Peer 1: 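So that we are looking at the same thing, I have put the structure below in structure tokens.
Quick caveat: nothing in here was measured; it's all calculated off a predicted structure. Numbering of ligands and ligand atoms starts at 1, following listing order.
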Amino acid sequence: MTIHVRAPGRVNLIGEHTDYTGGLVLPMTIDRWTEIRCSPADTVSLRSDDDPNPTVLDLHIEDLAAVQPQWAKYVAGVVAEMRPSRGIAGTVSTNIPIGAGLSSSAALEVAVALALGFSGDAVGLAELCRRAEISASGVPCGIMDQLTVAAGVAGHALLIDCGDLTIEPVKIPDELEIVVQFIVHRTLVGSAYADRVAECADAEKLIGPLRSASPYDVMSIPDAIIRARALHVVEENERTRDFAAALRSGDLRAAGELVVASHASLRDLYQISTPVMDAAVERMIRQPGVFGARMTGGGFGGCIVALTEPGAITDGWVVHAVDGAARVE
Ligand code: GLA
């Protein structure tokens, strides 16, 4: 095997459902990876740990409909977008839980693109992999996941402006531990995710880009549902900016309050939480040493993320920010 790449998962600390309207997000990579070990070949032939049959794809694949299982669709999406001049043959393995909202699919896409010899910057890599994700899943996602996986910085969260695609690493204070708890499996395929994207587009037809709208602008939207969705986005962008400032100044109480407010907004205005996720957050924020907690990711299940004092919570994964995806020499 001559090629070895690894791509981390990610957890979003704050800035949820803001990326596809060009807003602010603040995710971090986590110390769990998808790895590909392979050699150059004429096709793309990958075997996963959990599946004895290799997926074999032609380099000229266009139609993803017949590709099975789902993980192979993400591989095919990258091949179709990238049109590589050579293929690979090898294995793919991961310790990122699937269906947890920790970007296992983005990690796979980025790993495949690098194994196929992608050369370009993190933004170009993320844009290619985002297109692959959309064609593989049908979910009209934003760029946060792929860009975080591609551009992660050890010890830092990334303040990403999804409008101009600038990235500012924000150091995670030493006194802060990030804990992830996997609550319930979820899929965004067929979920109300696409409805939320459409509702934001409706709001933008009325008041222009949400990334530059104020709560006052939002109040002019006549439809109560569209108004609520837009208010979430506008306030979440503000919370994300404030959260980055709180991390920089080490004000962990303020950071905790902002993530709790983010959860309430996702629950009440954006309506993408569930009673099980709400109960998990409530339980978490009552624990001593917890600054705040919220559901994280696309919604309807998945994980909660908690900001805690070191060692406060033993039930979950303490995650650490690592460097973004790369070829391992
Ligand atoms: C999913 C999508 C992202 C983003 C989040 C919600 O993870 O892939 O683009 O929209 O949901 O913040």
Peer 1: For Arg47, does the CZ atom sit with more than 12 other heavy atoms under 6.0 Å from it, leaving out its own atoms?
Peer 2: no
Peer 1: May I ask you to identify, for Arg10, whether its side chain, its backbone, both or neither come under 4.0 Å of ligand 1 on a heavy-atom basis?
Peer 2: side chain
Peer 1: So if I count the atoms of ligand 1 from 1 in the order they appear, which ones are less than 4.0 Å from some heavy atom of Met144?
Peer 2: 4 (C), 5 (C), 12 (O)
Peer 1: Which of the atoms of ligand 1 are close to Tyr20, meaning less than 4.0 Å from one of its heavy atoms?
Peer 2: 10 (O)
Peer 1: Between the side chains of His232 and Asp268, is a donor N or O closer than 3.5 angstrom to an acceptor N or O?
Peer 2: no
Peer 1: Assess, by modelled atom type and distance only, whether the side chains of Ser273 and Asp278 contain a donor and an acceptor separated by less than 3.5 Å.
Peer 2: yes
Peer 1: Please assess Asn237 against Thr240 for the test side-chain hydrogen bond (donor to acceptor under 3.5 Å, both in side chains), listing each intermediate value before the final yes or no.
Peer 2: CA-CA 5 Å; Asn237 283 332; Thr240 304; 5.4 Å; no
Peer 1: Short list, please: which atoms of ligand 1 are under 4.0 Å from a heavy atom of Gly298?
Peer 2: 11 (O)
Peer 1: Return a yes/no value for Asn12: is any of its N or O atoms, backbone included, closer than 3.5 angstrom to an N or O of ligand 1?
Peer 2: no
Peer 1: Please say whether Thr18 places an N or O atom under 3.5 Å from an N or O atom belonging to ligand 1.
Peer 2: no
Peer 1: I'd like to know if Arg130 and Glu127 make a salt bridge, using a cut-off of under 4.0 Å between side-chain N and carboxylate O.
Peer 2: no
Peer 1: Considering the heavy atoms of Gly142, write down every atom of ligand 1 situated less than 4.0 Å from one of them.
Peer 2: 9 (O)
Peer 1: If only side-chain N and O atoms count, and only distance matters, is there a donor-acceptor pair under 3.5 Å linking Ser262 with Arg294?
Peer 2: yes
Peer 1: Could you walk me through whether Leu307 and Phe243 pass the side-chain contact (heavy atoms from CB on, under 4.5 Å) check?
Peer 2: CA-CA 12 Å; Leu307 273 54; Phe243 184 92; 3.7 Å; yes
Peer 1: Counting from 1, what ligand 1 atoms have a heavy atom of Cys141 closer than 4.0 Å?
Peer 2: 2 (C), 8 (O), 9 (O)
Peer 1: Within ligand 1, which atoms have a heavy atom of Asp19 less than 4.0 Å away?
Peer 2: 3 (C), 4 (C), 9 (O), 10 (O)
